[in-house]
Amino acid sequence: MTRPERAAAVIAALARTYPHAHCELAYTTPLQLLIATILSAQCTDKRVNLVTPALFRTCRTAADFVALPAEQLEELIQSAGFFRAKAKNIRACCAALVERHGGEVPRTMDALTALAGVGRKTANVVLGNAFGLNVGVVVDTHVQRLTRRLGLTKQTTPEKIERDLIKLVPRAQWTLFSHWLIWHGRRRCTARNPDCATCELRALCPSADKTGK
DNA sequence: ATCCCGAGGG
DNA sequence: CCCTCTGGAT
């Protein structure tokens, strides 16, 4: 089976297995998703969803985040980890939203990645989920691990992996594709002990039963 | 000890 | 390229 053939088969199997896959970060506005995604760095989204309700009650607009004293912001997001860096980025990011974008979240890759704390992964999450724009493919730790295990790429950096995936996945499914892999990465193809025995992709996976890779 | 929907800086 | 930032779960 060629790589494009395997990709198509993997996509079909994932679509069948996770028909209800969606973004599991809790948000109602583009700004909330942007902040939640900045907070999600090296942190489970379950943990992010534990801190954002109080945070979003305190801050409704980008200007609210800028006005909130740094110590209070740090305290509100403390349990999400990297809290000093994240607080600093959120503040600078929201200041830029107010100054350059009228308090709104911009809808282009360049404008988003110019914001503090926003890299390509976070920008792709916002573009795909808040705005429904398939500009790129989200490559987080799950997408990286699973696409490598599945033999869809041999690259080792998120940007190079994204370049491979863009060629293998129909553009209309870029956002869904990441959700499928993230759901599968959490539920079955975990980092330490992948459950190959019950895996829906087992027949398609060159790494099946080779635990750890 | 390793991992979690990373990003910035050197 | 590497290192650092941080807490919580397993």
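Proteins get letters first, then strands, A, B, ... in listed order; numbering begins at 1 in each. We use all heavy atoms of the structure for the numbers below, so side chains are in, but hydrogens, waters and symmetry mates are not.
Between Glu24(A) and Arg186(A), at least one side-chain N (NZ, or NE/NH1/NH2) sits under 4.0 Å from a carboxylate O, which counts as a salt bridge. With respect to the salt-bridge test (charged N to carboxylate O, under 4.0 angstrom), the residues Arg187(A) and Asp195(A) do not qualify. A salt bridge links Arg120(A) to Glu162(A): at least one charged side-chain nitrogen sits closer than 4.0 Å to a carboxylate oxygen.
A ring-centre distance under 6.0 Å is not found for Tyr18(A) and His179(A).
Projected onto DNA chain B by closest heavy-atom contact, Leu25(A) and Gly117(A) fall at different nucleotides, the more 5' of which corresponds to Leu25(A). Nearer to the 5' terminus of DNA chain B, by closest-nucleotide assignment, is the contact made by His142(A) (compared with the other of His142(A) and Thr113(A)).
Within 4.0 Å of Val118(A), counting heavy atoms only, lie sugar-phosphate atoms of the nucleic acid but no base atom. Using a 4.0 Å heavy-atom criterion, one finds that Leu115(A) contacts the sugar-phosphate atoms exclusively. Among the protein residues, Gln78(A) comes within range of the sugar-phosphate backbone only, with heavy atoms under 4.0 Å from sugar or phosphate atoms but none that close to a base.
The separation of dG10(B) from dT6(C), taken at their P atoms, amounts to 15 Å, rounded to a whole angstrom. Between dT10(C) and dC5(B), the two P atoms lie 12 Å apart (nearest whole Å).
What separates NZ of Lys88(A) from C1' of dA7(B) is a distance of 12 Å, to the nearest Å. Nucleotide dT10(C) holds its C1' atom 10 Å from the CG atom of Asn193(A), rounded to whole Å. Atom-to-atom, CG of Leu73(A) to C1' of dT6(C) comes out at 15 Å; the value is rounded to the nearest Å. Separating the CG atom of Asp45(A) from the P atom of dC4(B) is a distance of 12 Å, rounded to the nearest angstrom. The nearest whole Å value for the distance from the NZ atom in Lys121(A) to the P atom in dG8(B) is 12 Å. Taking atom CD1 of Ile77(A) as the reference point, atom C1' of dC5(C) lies 12 Å away to the nearest angstrom. With rounding to whole Å, Glu159(A) atom CD is found 11 Å from dC1(C) atom P. Look at NZ on Lys46(A): it is 8 Å from P on dT10(C), rounded to the nearest Å.
Of the side-chain N and O atoms in Arg47(A), one or more sit less than 4.0 angstrom from OP1 or OP2 of dA9(C). Residue Arg186(A) places at least one side-chain N or O under 4.0 Å from the OP1 or OP2 atom of dC5(B). Within the 4.0 Å cut-off from OP1 or OP2 of dC5(B), not a single side-chain nitrogen or oxygen of Thr37(A) is found. For the pair Thr44(A) and dC3(B), the criterion of a side-chain N or O lying under 4.0 Å from OP1 or OP2 is not met. At least one side-chain nitrogen or oxygen of Arg84(A) sits closer than 4.0 Å to the OP1 or OP2 atom of dT6(C). Here Arg145(A) does not reach the OP1 or OP2 of dC3(B): none of its side-chain N or O atoms lies under 4.0 Å away.
Here the nucleotide nearest the side chain of Ser79(A), chosen from dC4(B), dC5(B), dG8(C), is dG8(C). The side chain of Ala191(A) lies closest to dC3(B) when the candidates are dC5(B), dG8(B), dC3(B). Nearest nucleotide to the Ala41(A) side chain, out of dG6(B), dC5(B), dT6(C): dG6(B).
Ring stacking holds between Phe82(A) and dG6(B), with the centres under 5.5 Å apart and the planes within 30 degrees of each other.
Considering all non-hydrogen atoms of both residues, Ala36(A) and Val48(A) come closest at O-CG1, 3.6 Å.
The closest donor-acceptor contact from the side chain of Arg47(A) to the backbone of Ala80(A) lies at 3.5 Å or more, if one exists at all.
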